Amino acid sequence: MIALRSELPLKKGDASGRFVVWLVMVLVFMASIAVTTNAYIGALLGHWSQSVTGTLTIQIPVMLDANDPASTAATEKVLDVLHRHPAVENAATVPREKVTELLKPWFGAGETIADLPLPVLIDVRMSASEASAIAAVSNAVQTAAPGAVIDDHRAWLNRVIGLAEGLGAIALTTMALVTGALGLTIVFATRASLAAFAQVIDVLHVVGAKDGYIAGQFARRALLQSLLGGFAGLAIYAPTLGFIAWLASRIEDGILPDVRFPVSLWLTLAVLPLAAGAIAMITANVTVRRALSAKV
Amino acid sequence: MALVRKKTDFVGDTVQLEAVGLRYADGPDIFSDVSFTIPQSSFHFLTGPSGAGKTSLLSLMYLAKRPTRGKLMLFGDDVTDAKRTRLPAIRRRLGVVFQDFRLLEHMTAFDNVALPLRIANVSETVVERNVSELLKWVGLEEQMQARPSVLSGGQQQRIAIARAVVHRPKLILADEPTGNVDDAIAVRLMQLFVELHKLGASVIIATHNEHLVARFPFPRLHLNEGKVTALPPMQASEIGVVAS
């Protein structure tokens, strides 16, 4: 399908050719953002869901004084219940230093935190994570310490999943729009070239060239232009991604988890220009064949 | 200029038109009932006043237009309603010289002439040999690597003719092929057509140059007011007399 020789003066950088290169560059750049966003959200979601599934956080509410015997007693009682419960793998109070550490971004490292009345937090890792097991543990804890607050993170996680799915849908929509825009660009650029080279094409027909031969020349040009534009788009995306990563790295620990991008993301990004090239090549070929089939 | 062909021959006449009519979209008939036969290895002039439809008639024969009525046979094959995919193979057996040359401006004289051979996937060695030989023959040895735009009208015309005959077509259709050259070159170019005719090609030359027609003893097809009349070779005494 790809002719090695070109009778059409397609190599000259005509205006429509440069236009295709620029447009594909922008489109691949946008597609890269969409793909990365999607991968980041997926990774984030995996991280969060893995870290909260099968865990409970129990808050024994506050005491003005951390050594208040009442709260210490409640904590002991709850821990005792938890340790004996069959659905619980282990349970431990979160050390005060860690709670302080978690609050540092909001309150600073000064003495304020030391003086704050903080609830006792108990991290529970469940051996069973079905709703019934969680309910049973909740009941047991409530009985032991009526004021305890039990958070199974479910509601929070569901909202996060909802947000992630929304963002994922936007990424997919972006990909669809980008693909459509690429297709339309190639169709119109190819039609413009067909009109510009109408006489050359007539001559090629008269000397016995097949439609596929002519279409192949347009397809080859569309392929080269789109590969060029695609890799250019990727080339300007790389520093963009690096910049975003740098911005993210400046955020203090604890707010954003450390997410590692899967290898599939890098592969997908590398494939984007090739996919753009393939789409452009096929679109140009079909466009030319359809246009020529209307001729005598 | 030997060229290996898969199909060396065909049965029947080179061209056969039966009651052919042609019209554009909603326009009037260019011609309505044209019938004639071009036998194998024949030579015809296609004459007639300007605007009579000589170019349209030729374009039917090189398959740029389809008859709106009637039947058109080429190389013994009915092409009236032939599928598009069949046309390239048929077109490779004909050579066309356009009145306006239609050379590809971005290519050298050599590449223009090489076009039909390359389209037919002829090996580059054969292309090199045949194209050089032919360009020498038409006196353009020095201009092989020149673009058409820097050449004179006559030189461009010779490139157009070389392109039309380089692949040794079985049917040569030429529209005013000597319109831009002086008489000496016109005769030389005509001799090229005559040579090809002697080698077995059928040749149709559309022209209104009566001097040229009178110089060669070939029959005429005269197109006027939508009708084609077969006439014998023109006599010098007929020059200037409007054919009936």
Side-chain angles (χ1 to χ4, degrees), chain A residues 1-20 189-222 224-225 282 284-296, chain B residues 22 24 58-68 72 79-98 100-108 111-122 124 127 147-148 159-160 162-167 169 173 175:
Chain A
M1 186 188 290
I2 296 180
L4 291 176
R5 205 178 46 243
S6 179
E7 278 76 33
L8 298 166
L10 299 174
K11 280 177 195 154
K12 294 177 188 169
D14 59 322
S16 79
R18 277 198 300 275
F19 166 75
V20 170
T190 304
R191 285 199 191 150
S193 295
L194 275 171
F197 301 127
Q199 211 176 10
V200 179
I201 291 167
D202 280 349
V203 170
L204 290 178
H205 270 144
V206 167
V207 298
K210 294 175 184 165
D211 290 352
Y213 180 85
I214 297 168
Q217 297 194 11
F218 281 96
R220 178 160 49 115
R221 180 176 71 151
L224 293 176
Q225 286 170 340
I282 293 165
N285 199 304
V286 171
T287 306
V288 173
R289 282 174 186 270
R290 289 185 65 162
L292 294 182
S293 70
K295 289 182 169 245
V296 171
Chain B
L22 176 68
Y24 297 126
L58 289 179
S59 66
L60 277 177
M61 289 186 270
Y62 62 78
L63 302 173
K65 293 189 181 72
R66 302 265 192 151
T68 26
L72 171 63
V79 297
T80 319
D81 298 309
K83 282 177 74 176
R84 252 186 84 71
T85 47
R86 281 187 54 212
L87 302 186
I90 299 167
R91 285 177 175 137
R92 287 178 194 186
R93 308 181 72 184
L94 27 99
V96 185
V97 184
F98 296 98
D100 53 359
F101 318 143
R102 302 203 191 164
L103 300 175
L104 304 187
E105 292 298 331
H106 62 287
M107 297 188 345
T108 62
D111 288 338
N112 265 285
V113 175
L115 194 56
L117 298 179
R118 287 175 172 163
I119 292 285
N121 283 321
V122 172
E124 237 4 73
V127 170
R147 303 273 160 126
I159 296 169
R163 183 180 69 188
V165 303
V166 70
H167 55 304
L173 302 165
D175 201 353

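Per chain, numbering begins at 1; letters A, B, ... match sequence-line order. Note that this is a predicted model, so its numbers are computed, not measured.
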### For A:Val206, the option from B:Val96, B:Leu94, B:Leu115, B:Leu63 that meets side chain to side chain contact (heavy atoms under 4.5 Å, CB included)
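So, applying the side chain to side chain contact (heavy atoms under 4.5 Å, CB included) to A:Val206 and each of B:Val96, B:Leu94, B:Leu115, B:Leu63, only B:Val96 qualifies.
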### Task
Under 4.5 Å heavy-atom distance to chain A, tell me which part of B:Arg84 shows up: side chain, backbone, both or neither.
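The answer is the side chain of B:Arg84.
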### Task
Could I get the full list of side chain to side chain donor-acceptor pair (under 3.5 Å) partners for B:Lys65, not counting sequence neighbours?
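Counting only residues at least two positions away or on another chain, B:Lys65 forms a side chain to side chain donor-acceptor pair (under 3.5 Å) with B:Tyr24, B:Ser59.
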### Sequence-distant partners of B:Thr80, side chain to side chain donor-acceptor pair (under 3.5 Å), two or more places apart
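Checked B:Thr80 against side chain to side chain donor-acceptor pair (under 3.5 Å); matches are B:Asp78.
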### Message
Would you say that more than 12 heavy atoms from the other residues, nucleotides or ligands in this model lie under 6.0 Å from the CD of A:Gln199, or not?
### Response
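No, because the 6.0 Å sphere around CD of A:Gln199 holds 12 heavy atoms or fewer from other groups.
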### Message
Can you tell me if A:Arg290 has over 12 outside heavy atoms packed within less than 6.0 Å of its CZ?
### Response
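No.
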### Query
Which heavy atom of A:Ala209 sits nearest a heavy atom of B:Pro88, and at what distance?
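The answer is O-CG, 4.0 Å.
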### Message
Could you walk me through whether B:Leu87 and A:Lys295 satisfy the side-chain contact (heavy atoms from CB on, under 4.5 Å) test, starting with their C-alpha distance in whole Å, then the side-chain angles of each, then the deciding distance to 0.1 Å, before giving a yes or no?
### Response
CA-CA 12 Å; B:Leu87 302 186; A:Lys295 289 182 169 245; over 6 Å; no
### Query
Counting distance only, does the side-chain N/O of B:Arg92 pair as donor-acceptor with the main-chain N or O of A:Gly208 below 3.5 Å?
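Side chain of B:Arg92 to backbone of A:Gly208: a pair is present.
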